[in-house]
Amino acid sequence: MEIRNSPRKFRDEKSDNNLLSTNNLNLKEAMAQFESQMILNALQSSQSLRKAAIKLDIDHANLIRRMKHLGIQFSYKR
């Protein structure tokens, strides 16, 4: 698996897995950061987009839509 592009404004330099690192963010930014981290975690621990969507309990199309909205690009190595 490979993450090609993760929005820099959502990364926490100290810990990539810290879902509560919302210092100096407004509610919209904090929610986007949380959602991005949840999606990335599901993608990294799944073998496909469909399986990641199942882990997140959302439809496959909604996962793709949210990834586009949040600027998340992800590819699985074959």
Side-chain angles (χ1 to χ4, degrees):
M1 291 186 284
E2 175 181 320
I3 298 174
R4 292 184 294 177
N5 183 17
S6 179
R8 289 179 191 243
K9 66 181 179 179
F10 298 138
R11 289 189 214 153
D12 178 9
E13 297 299 324
K14 295 177 186 170
S15 172
D16 288 335
N17 294 323
N18 185 357
L19 298 177
L20 299 176
S21 62
T22 57
N23 298 339
N24 301 320
L25 299 179
N26 64 35
L27 180 60
K28 186 175 182 178
E29 292 169 337
M31 290 180 68
Q33 179 182 0
F34 179 80
E35 186 175 11
S36 293
Q37 193 61 52
M38 291 289 295
I39 290 171
L40 288 171
N41 288 344
L43 291 169
Q44 290 172 339
S45 65
S46 301
Q47 296 178 1
S48 70
L49 287 175
R50 292 189 186 276
K51 289 180 181 179
I54 290 169
K55 281 187 178 187
L56 294 167
D57 197 26
I58 61 174
D59 187 69
H60 173 254
N62 286 338
L63 175 57
I64 292 171
R65 198 173 301 118
R66 295 306 305 155
M67 288 173 63
K68 285 181 182 178
H69 177 75
L70 295 167
I72 297 171
Q73 295 179 349
F74 190 87
S75 66
Y76 290 96
K77 286 188 176 181
R78 292 184 182 212

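Sorted by first then second residue, the salt bridge (Lys or Arg N to Asp or Glu O under 4.0 Å) pairs that include residues 57-70, not counting sequence neighbours, are Glu35-Arg66. Sorted by first and then second residue, the salt bridge (Lys or Arg N to Asp or Glu O under 4.0 Å) pairs with a member in residues 36-52 form an empty list; sequence neighbours excluded.
One finds the CG atom of Leu49 at 10.5 Å from the CD1 atom of Ile39 (value rounded to the nearest 0.5 Å). The CE atom of Met38 lies 12.0 Å from the CE atom of Met31; values are rounded to the nearest 0.5 Å.
Scanning all heavy atoms of the two residues, the minimum distance from Ala52 to Ala42 falls at CB-O, 3.8 Å.
In this structure, Leu43 is a member of the same hydrophobic cluster as Leu70, with clusters built from ILVMFWY side-chain heavy atoms closer than 4.5 Å. At a threshold of 4.5 Å between side-chain heavy atoms, the hydrophobic network of Ile, Leu, Val, Met, Phe, Trp and Tyr places Ile54 and Tyr76 in two separate groups.
Under the 3.5 Å distance criterion, the side-chain polar atoms of Glu29 are matched with a main-chain donor or acceptor of Asn26.
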